[in-house]
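Throughout, residue positions are numbered sequentially from 1 according to the sequence presented. Bear in mind the structure is a predicted one, so any value in this text is a computation, not a measurement.
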Amino acid sequence: MAMETVEATTPELSLADTDINWDRLDKTRFHVIGAILFTVQSALIHPTAVVKTRMQVAGSGLSQMTGLSVFSRIVRTDGIPGIFRGFGTSAIGSLPGRVLALTSLEVSKDMTLKYTENMNMPEATRVGIANGVAGMISNLVSCLYFVPLDVICQRLMVQGLPGSTPCSGPFDVVRKVLAAEGFRGMYRGFGLTAITQSPASALWWGAYGAAQHIIWRSVGYKDDSEKKPSHVEMITVQATAGMTAGACSSIITTPIDTVKTRLQVIDDYGVGRPSVMKTAKTLLKEDGWRGFYRGFGPRFLNMSLYGTTMIVTYELIKRLSVKQA
């Protein structure tokens with residue numbers, strides 16, 4: 001009886017549930033559950049984004065401090081609300097963008113898997129390519145929505161720091177940016193983001209898809225095997241693959257993110273409208289090559305935590321959204 005109870009509380013799943021494709025999903029449930037769970041997940045890691053952003057743009061000594069010291073300073077001066085600056089705007093504003101990103105991700109992955117179905121290549125490679133293509137397309141599509149939101153949120157995060165324009169809220173940010181630069185001001189850093197983050201997204205999703213496939217096979221699970229993973233095993237494998245992909249991505253993309261962040265929040269270096277080259281040269285002059293890795297610690301933590309929590313949340317959303325027979 002005891003054994004039956006244990007088995008009933010640790011159900012096993014088909015290996016097919018580790019990679020649920022678009023046609024198996026109830027789309028309404030997928031987007032509603034996704035909106036709720038991703039908002040909670042974003043709240044957990046938002047403080048690391050605030051710390052990272054302040055370290056990257058500060059001209060008052062914060063860039064030379066450790067992430068933990070900056071975090072403590074924000075809490076001392078602004079309290080708990082200080083480490084959640086910009087979260088309300090980000091959480092609410094992200095909802096339509098998440099629908100756009102998740103839909104484009106799943107549809108493009110499904111199409112790529114079907115297109116490569118008859119190609120002679122290892123399954124891990126095929127899965128990695130499909131995830132990579134989907135990640136790149138999803139990032140390109142979502143950049144159109146998220147770059148303006150990023151500009152707004154990051155300006156709210158750095159209020160009070162040298163070089164930033166005082167703003168009373170998200171609508172005030174939009175008003176002042178449009179007044180100063182017009183519509184293109186809301187898309188500062190768009191080209192840099194799209195050109196650099198899309199390959200990075202492809203790398204992340206490709207690495208995750210291939211890593212998960214390899215891990216499952218290395219521990220003895222196969223599509224046609226009667227052996228099935230438990231919920232705990234599934235979460236462990238997916239979290240490991242996500243954490244690895246996130247950590248690697250942070251190392252590659254931090255210099256670009258530093259330039260992009262400064263470009264989006266600083267209004268004037270005394271030489272006219274900022275550009276990628278002006279921003280990079282200023283950063284290099286201020287702190288040498290190490291300046292491009294300002295905020296690396298919090299960003300590494302942010303992306304590692306994001307990679308782990310995002311993919312576990314994402315895979316849970318998909319399992320909860322499978323169409324009922």
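In this structure the side chain of K109 never reaches within 4.5 angstrom of the side chain of V133, judged on heavy atoms. Within the 4.5 Å cutoff, the side chain of W216 has heavy atoms near those of the M234 side chain. In this structure, the side chains of S94 and F146 come closer than 4.5 Å at one or more pairs of heavy atoms. You'll find the side chain of C153 stays beyond 4.5 Å of the side chain of F87, heavy atoms only. Taking 4.5 Å as the limit, every side-chain heavy atom of R188 sits out of range of all side-chain heavy atoms of Q154.
Using cut-offs of 30° and 60° on the angle between ring planes, the pair W22 and F30 is perpendicular. Using cut-offs of 30° and 60° on the angle between ring planes, the pair F183 and Y187 is tilted.
Few gaps surround NZ on K27; more than 12 heavy atoms of other groups in view lie less than 6.0 Å from it. Summarising the local packing, CG of L178 is surrounded by more than 12 heavy atoms from other residues, nucleotides or ligands at distances under 6.0 Å. For M277, the CE atom sits in a loose shell: 12 or fewer heavy atoms of surrounding residues, nucleotides or ligands are nearer than 6.0 Å.
At least one donor-acceptor pair closer than 3.5 Å links the side chain of E233 to the backbone N or O of S230. The closest donor-acceptor contact from the side chain of N139 to the backbone of G135 lies at 3.5 Å or more, if one exists at all. The closest donor-acceptor contact from the side chain of S108 to the backbone of L105 lies under 3.5 Å. T125 places no side-chain N or O within 3.5 Å of a backbone atom of M121 that could act as its donor or acceptor partner. Between the side chain of T240 and the backbone N or O of T236 there is at least one donor-acceptor pair closer than 3.5 Å. R98 places no side-chain N or O within 3.5 Å of a backbone atom of G34 that could act as its donor or acceptor partner. Side chain of S104 to backbone of A101: a donor-acceptor contact under 3.5 angstrom is found. With hydrogens and angles ignored, the 3.5 Å screen pairs a side-chain donor or acceptor of H46 with a backbone N or O of R85. Remark: side-chain polar atoms of T77 are paired, donor with acceptor, to backbone N or O of R73 under 3.5 angstrom. Between the S218 side chain and the I215 main chain, a donor and an acceptor come within less than 3.5 Å of each other.
Between A241 and Y208, the shortest heavy-atom contact is CB-CD1, 3.5 Å. Residues G169 and L156 share a closest heavy-atom pair of C-CD2, 3.9 Å. Contact detail for M243 and T308: the closest heavy-atom pair is CB-OG1, 3.1 Å. Here the closest heavy-atom approach between residue S321 and residue I33 is recorded as OG-CD1, 4.0 Å. Between K176 and C167, the closest heavy-atom pair is CD-SG, 3.9 Å. A pairwise comparison of heavy atoms in V50 and G82 identifies CG1-O, 3.9 Å as the closest pair.
A continuous path of Ile, Leu, Val, Met, Phe, Trp and Tyr side chains, each step under 4.5 Å between heavy atoms, connects W204 with L102, placing both in one hydrophobic cluster. Two different hydrophobic clusters hold V32 and F38 under the rule that ILVMFWY side chains link at heavy-atom gaps under 4.5 Å. Residues V219 and V232 are members of separate hydrophobic clusters, defined by side-chain heavy-atom contacts under 4.5 angstrom among Ile, Leu, Val, Met, Phe, Trp and Tyr. Two different hydrophobic clusters hold L100 and L140 under the rule that ILVMFWY side chains link at heavy-atom gaps under 4.5 Å. Cluster annotation: L25 is not connected to I137 through the hydrophobic network of ILVMFWY side chains, with a link wherever side-chain heavy atoms come within less than 4.5 Å.
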Problem - Verdict with supporting geometry, T103 and H31, side chain to side chain donor-acceptor pair (under 3.5 Å) - result: CA-CA 9 Å; T103 301; H31 291 308; 3.1 Å; yes
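Rounded to the nearest 0.5 Å, atoms CZ (F190) and CG (D150) are 12.5 Å apart. Rounding to the nearest 0.5 Å gives a distance of 14.5 Å between CH2 of W205 and CE of M136. Expressed to the nearest 0.5 Å, how far CE of M310 lies from CD of Q238 amounts to 11.0 Å. With rounding to the nearest 0.5 angstrom, the CG atom of L37 is 7.0 Å from the CG atom of L320. Between the CD1 atom of I129 and the OH atom of Y115 there is a distance of 11.5 Å, given to the nearest 0.5 Å. Taking CD1 of I45 as the start and NZ of K52 as the end, the distance is 11.0 Å to the nearest 0.5 Å.
Taking 4.0 Å as the cut-off between side-chain N and carboxylate O, E123 and R217 do not count as a salt-bridged pair. For K323 and D23, the salt-bridge test fails: no basic side-chain N is under 4.0 Å from an acidic carboxylate O. Of the charged side-chain nitrogens involved, none lies within less than 4.0 Å of a carboxylate oxygen, so that K114 and E117 do not count as a salt-bridged pair.
T309 and Q41 form a side-chain donor-acceptor contact under 3.5 Å, judged by distance and modelled atom types alone.
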